[in-house]
Amino acid sequence: MPTSPDQFIFSDQFAQLGHKFSVPQTPTPLPDPYLVAVSPTALQLCGLAQETVSDDLFLQVFSGNQVAPDSTPRATVYSGHQFGVWAGQLGDGRAILLGELDGQEIQLKGAGATPYSRMGDGRAVLRSSIREFLCSEAMAGLGIPTTRALCITGSDFRIMREQPESTAVVTRLAPSFIRFGSFEHWYYREDHQALQTLADHVIARYYPELAETAQPYLALLTEVCQRTARLMAQWQMVGFMHGVMNTDNMSILGLTLDYGPFGFMEAFDPQHICNHSDTQGRYAYAMQPQIGHWNCLALGQALLPLTGAVEDTMAALATYQEAYAAQLSWHDKLGLRQVHEEDKQLISDMFAMMNINGLDFSYFFRQLSYLSQEASSRDERLRDLCVQRELFDHWLQRYRLRLKQEASQDGPRQNAMQAVNPKYILRNYLAQQAIEKAQNKDFSEVDKLRQILAHPFDEQPEHDHYAALPPDWGKHLSVSCSS
Ligand code: AMP
Ligand code: MG
């Protein structure tokens, strides 16, 4: 069925902010594009019918080869702190905003150079585009706030990274891609008028309830701090590591944004660094919650000209810790309904035991959910993985005792645990297998992974092997910023 170009009428709300905030930028066509992947749920989110996918216009619009009627593509400006250091102006160096569909901003990532590309080529490789596409959809499946991915368009056109690689464009969507760094930009330029315009826009559009409060800008800061804190807790609980938590990658809506060298924790090590380029470990797993706070501090500073008082700003920032603690629940992961004082020790001993035994984070919690009150042969699955088995046995014994203390019942506890401990996560090696197939023009594995990861808590017994531990070759895949 032919698609009417009307399906692709983008509204251009961002442009109404004024010319300071973005520049018109037509995408650079992608030579001979083809469709690599589509997310049907993301399609629904932006109000597009399933049939549109088979129309050539879909491919043309989302590869950046054809500008849809009424769309005025643009690149937005922002700045940021990178690895704790003020980096000055950055901006959409390879992302181009097409406009909005059904309230979702639609952005092409990798659609060519913009005035903000600096030394970059404005492109993205197929490898990183697949990683972003799959992880966006996987995070949504996990129930974690995130930007979404609509589709990937690919091309045989190659660009140079560490080696020549094929290019792709990943189409992302979110109610807004505005970042902490979007505010820092105007603060450091001392353009307080622009800062206020941006804050008013964000409040009116995304936090309308805050407009009624006595101090809307402080309320905005408080709300963003709390959303960020909750997001950090959600990341910690599934072992997600972002890898590049620079302030330009922090969403003003509290979404997981800009998937690069991310990873999910496998052999548990709180100091694990998933980004090969992060030599200091600034963004190591255990650092994420405090880096989230540091980033909120940077936002708080940028908003000072609007909020006025340092003390009030510090009070807004102080709500971060509380929001983080309220969201973080190892009790849920362990299937514990009550909170006892001694649980702190049980939980910290659990992490120490996991670390010493190199236990796989997701596998451990999921396997724990299958165990019953009484010891059984099922225990061996975890026990066999341990180098210090007595340590494991001892901890498990204490855990079982603790379950007895609250008269825990196997069935309900197992169900509750399985609803919060995913069976399927996007392991690096799974992504790598899908990438290698896709590089040979077989896109089936990308789609299969997308489908499995959309329901990470379901058993899906036919896909058991996707929940297995990584093979030796897949344990230490190096992921750098190169994308
Ligand atoms: P990231 O760390 O990927 O979030 O990117 C940091 C900054 O570098 C952003 O301003 C990006 O737009 C820009 N950037 C990253 N890769 C490229 C590229 N290949 N071409 C142009 N700009 C890029
Ligand atoms: Mg970025």
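Note that ligands are numbered from 1 as they come in the structure, with each ligand's atoms numbered from 1 the same way. It should be emphasised that the depicted structure is a prediction, and the values quoted were computed from it without experimental measurement. Hydrogens, waters and symmetry mates are skipped; everything else that's a heavy atom, side chains included, is used.
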Neighbouring protein N, O or S atoms of the Mg ion (ligand 2) [cut-off: under 2.8 Å, no waters]: Asn249 OD1, Asp258 OD2

Give me the residue, atom name and distance of the protein heavy atom closest to atom 12 (O) of ligand 1. Gly93 N, 2.8 Å

Return the set of residues passing salt bridge (charged side-chain N to carboxylate O under 4.0 Å, His left out) with Arg123 (not counting sequence neighbours), or none when no residue passes. none

Indicate, with yes or no, if the rings of Trp235 and Tyr285 have centres closer together than 6.0 Å. no

Residue-level breakdown please: for Arg118 versus ligand 1, do any non-hydrogen atoms fall below 4.0 Å on the side chain, on the backbone, on both, or on neither? side chain

If you define the side chain from C-beta out and look only at heavy atoms, does anything of Asp32 sit under 4.5 Å from Asp156? no

Distance-only donor-acceptor pairs under 3.5 Å for side chains of residues 294-306, two or more places apart:
| unit_1 | atom_1 | unit_2 | atom_2 | d |
| --- | --- | --- | --- | --- |
| Asn295 | ND2 | Met245 | O | 3.0 |
| Asn295 | ND2 | Ile291 | O | 3.4 |
| Gln301 | NE2 | Tyr187 | OH | 3.4 |

Distance-minimising heavy-atom pair for Pro175 and Tyr206: O-OH, 2.8 Å

Looking at Asp121 and Arg161, is there a salt bridge between them, counting it only when a charged N and a carboxylate O are closer than 4.0 Å? yes

Atom 5 (O) of ligand 1: which protein heavy atom is closest, and how many Å away? Asp248 OD2, 4.7 Å

Suppose we measure from atom 6 (C) of ligand 1 to each protein heavy atom; which comes out shortest, and what is that distance? Gln82 NE2, 3.8 Å

Between Tyr78 and His185 (judged by ring centroids, cut-off 6.0 Å), do the two rings come close enough to count as a pair? no

Find all atoms of ligand 1 within a distance of less than 4.0 Å from any non-hydrogen atom belonging to Arg161, and give their numbers and elements. 19 (N)

Under a 4.0 Å heavy-atom limit, does Asn249 contact ligand 1 with its side chain, its backbone, both, or neither? side chain

Decide whether an N or O pair under 3.5 Å exists between Arg123 and ligand 1. yes

Tell me the protein heavy atom at minimum distance from atom 10 (O) of ligand 1, and give that distance in Å. Gly91 O, 2.6 Å

Donor-acceptor contact present, side-chain Asn421 to main-chain Lys333, <3.5 Å: yes

At what distance is the nearest protein heavy atom to atom 20 (N) of ligand 1, and which residue and atom is it? Gly122 N, 2.8 Å

Provide the full list of salt bridge (charged side-chain N to carboxylate O under 4.0 Å, His left out) pairs with a residue in residues 468-483, sequence neighbours left out, each pair given once. Asp472-Lys475

How does Tyr259 reach ligand 1, by side chain, by backbone, by both or by neither, if only non-hydrogen atoms under 4.0 Å count? neither

Pick one of side chain, backbone, both or neither for how Lys109 approaches ligand 1, counting any non-hydrogen atom pair under 4.0 Å. neither

Neighbour count >12 (heavy atoms, 6.0 Å) for atom CD, Gln280: no

In terms of atom number and element, which parts of ligand 1 are under 4.0 angstrom from non-hydrogen atoms of Tyr78? 9 (C), 10 (O)

Nearest neighbour in protein (non-hydrogen) for atom 19 (N) of ligand 1: Asp121 OD1, 3.1 Å

With heavy-atom distances below 4.0 Å as the criterion, list the atoms of ligand 1 near Asp258. 4 (O)

I'd like to know if Arg74 pairs up with Glu105 as an ion pair, taking the criterion as any Lys NZ or Arg NE/NH1/NH2 lying under 4.0 Å from an Asp or Glu carboxylate oxygen. no

Run the numbers for me: atoms of ligand 1, each under 4.0 Å from some heavy atom of Leu90, listed by number. 10 (O)

Within 6.0 Å of NE2 in His192, more than 12 heavy atoms from elsewhere: yes

Does atom CD (Glu322) have a neighbourhood of more than 12 heavy atoms from anything else shown, all under 6.0 Å? no

Can you tell me the protein heavy atom closest to atom 15 (C) of ligand 1 and the distance? Arg94 NE, 3.7 Å

Is the gap between the ring centers of Phe264 and Phe361 under 6.0 Å? no

